[in-house]
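Data block below; observations after.
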Amino acid sequence: MSVKDVQAIQDKVAEYWTDVRWVESTGSTNADLLKDGSAPGTVLIADEQTAGKGRLGRHWVSPKGSQLAMSMVIDVTDTPPPFGLLSIAPGVAVTDVVPQAQLKWPNDVQICGKKIAGILSALDMPRVIVGIGINVAMRPEDLPVETATALNLEGIDVDFDEFTADILAAMGRRLKQWQERDPQLLEDYRKVCSTIGQQVRLELREGEETVRGLVTGINDEGEVLIDDTPFSVGDVHHLRPTQ
């Protein structure tokens, strides 16, 4: 799958994004926008990413035609809202378009516990680059890990251009809520966050120090509360009762 009509997408999302671009292949859309100094309102969509990065520096690959891989530039004020809430806004935007999805803290987009999207933001004051890769059409053998899935594998077939426009519009709305400190963003996040109420193991550093306990909520800074203690970073693993 691939973008067929970039101009039509641009027309549909002009309220939020002023310069929608598409390339056939690139290393990383985030890296490209960081390097070229693109203005807020810019979106870069790639049919293929060969050197994308996920959370904690993990490699994130988007085989040709299998993902909606894109990055967008937003403006950051001198007194920005909490950056912990910036990390959740794109995930909520995906659930707006894919109602079957839920979010594992902070922003792993999942369907039935399997990941369909990766989100990574990069601060480059006075800009933020928000990157996302959504598995749209993949074969089971092409999934990077057994805990991943794709929309088509969950019985969700989309028109690629319409889906791209819908995601960009939702991103625009949710990122605007972050910029304006709209409490509705966090309220809606809590509704779709599957981590709340779960027994979890939180890795503060990959493979090293861990915290275990019950997630009692998400605070107003976007931090996860484990037995009412806030944590702003880490990798959450939902635990089965016997774990």
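All residue numbers refer to positions in the sequence shown, counting from 1.
When hydrophobic clusters are built by joining Ile, Leu, Val, Met, Phe, Trp and Tyr residues whose side-chain heavy atoms come closer than 4.5 Å, directly or via intermediates, I74 is grouped together with Y189. Under the 4.5 Å side-chain heavy-atom criterion for grouping Ile, Leu, Val, Met, Phe, Trp and Tyr, V94 is connected to V236 within one hydrophobic cluster. The hydrophobic clustering, which links ILVMFWY residues whose side-chain heavy atoms are closer than 4.5 Å, places V43 and L34 apart. Under the 4.5 Å side-chain heavy-atom criterion for Ile, Leu, Val, Met, Phe, Trp and Tyr, I45 and V73 are members of distinct hydrophobic clusters. A single hydrophobic cluster is not seen to contain both L33 and L68; linkage of ILVMFWY side chains at heavy-atom distances under 4.5 Å, directly or through other members, places them apart.
Two residues are said to be in side-chain contact when any heavy atoms from C-beta on lie closer than 4.5 Å; Y16 and L168 fail this criterion. The shortest side-chain heavy-atom distance between I9 and W22 does not fall under the 4.5 Å cut-off. Looking at I196 and I218, their side chains come closer than 4.5 Å, going by heavy atoms from C-beta outward. Using a 4.5 Å heavy-atom threshold, the side chains of I132 and M70 count as touching. A heavy-atom distance below 4.5 Å is not found between the side chains of N135 and L151.
Taking CG from D36 and CZ from R21, the interatomic distance works out to 5.5 Å, rounded to the nearest 0.5 Å. Note that CZ of R212 and CD of E203 are 10.0 Å apart. Values are rounded to the nearest 0.5 Å. Annotation: the span from T77 atom OG1 to M125 atom CE amounts to 7.0 Å, rounded to 0.5 Å. Note that CG of N219 is 10.5 Å distant from CG of D228, once rounded to the nearest 0.5 Å. To the nearest 0.5 Å, atom CH2 of residue W178 and atom CG of residue L185 are 10.5 Å apart. Note that CG of D188 is 12.5 Å distant from SG of C193, once rounded to the nearest 0.5 Å.
Between I134 and A117, the closest heavy-atom pair is CG1-CB, 3.9 Å. For the residue pair A150 and L143, the shortest heavy atom distance occurs at N-CD2, 4.4 Å. For T29 against L44, the heavy-atom pair with the smallest separation is CG2-O, 3.7 Å. In terms of heavy-atom proximity, V130 sits nearest to L175 at CG2-CD2, 4.5 Å. Across V215 and T195, no two heavy atoms sit closer than the pair CB-O, 3.3 Å. The shortest heavy-atom contact between L85 and E221 is CD2-C, 3.8 Å.
The local environment of CD in E187 is crowded, with over 12 non-hydrogen atoms from other residues, nucleotides or ligands closer than 6.0 Å.
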Problem set entry | K191 vs T95, side-chain contact (heavy atoms from CB on, under 4.5 Å): CA-CA, chis, key distance, verdict | CA-CA 10 Å; K191 292 175 183 177; T95 67; over 6 Å; no
For this session: Go through the steps to decide whether V76 and D124 satisfy the test side-chain contact (heavy atoms from CB on, under 4.5 Å), and finish with yes or no.
Result: CA-CA 9 Å; V76 182; D124 183 37; over 6 Å; no
For this session: Would you sort out whether S87 and N107 count as a side-chain hydrogen bond (donor to acceptor under 3.5 Å, both in side chains), showing the intermediate values?
Result: CA-CA 7 Å; S87 70; N107 57 16; 4.7 Å; no
For this session: Evaluate side-chain contact (heavy atoms from CB on, under 4.5 Å) for I111 paired with I156, printing each intermediate quantity in order.
Result: CA-CA 11 Å; I111 294 179; I156 304 170; 3.9 Å; yes
For this session: Test side-chain contact (heavy atoms from CB on, under 4.5 Å) on H238 and K104 and set out the steps.
Result: CA-CA 9 Å; H238 293 180; K104 186 184 78 168; 3.3 Å; yes
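Within the 3.5 Å criterion, the main-chain N or O of G222 finds a donor-acceptor partner in the side chain of W105. The main-chain N or O of M138 is found under 3.5 Å from a side-chain atom of N152 such that the two form a donor-acceptor pair. Under the 3.5 Å distance criterion, the side-chain polar atoms of Q10 are matched with a main-chain donor or acceptor of W17. Between the side chain of R127 and the backbone N or O of S38 there is at least one donor-acceptor pair closer than 3.5 Å. A distance-only check finds no donor-acceptor pair linking the side chain of R174 to the backbone of D96 [under 3.5 Å]. No side-chain donor-acceptor contact under 3.5 Å links T210 to the backbone of R201. Between the side chain of E223 and the backbone N or O of G84, no donor-acceptor pair lies under 3.5 Å.
Of the candidates V211, V233, D235, V211 is the only one forming a side-chain contact (heavy atoms from CB on, under 4.5 Å) with L204.
Within the structure, no pair that satisfies the ring pair (Phe, Tyr, Trp, His ring centres under 6.0 Å) test touches residues 125-151, not counting sequence neighbours.
Between D32 and K35, none of the side-chain N atoms (NZ, or NE/NH1/NH2) sits under 4.0 Å from a carboxylate O, so this pair counts as no salt bridge. Note on K4 versus D161: no salt bridge recorded, every NZ/NE/NH1/NH2 to OD/OE distance being 4.0 Å or above.
At a cut-off of 3.5 Å, with distance as the only test, no side-chain donor of N30 or S28 sits close to an acceptor on the other residue.
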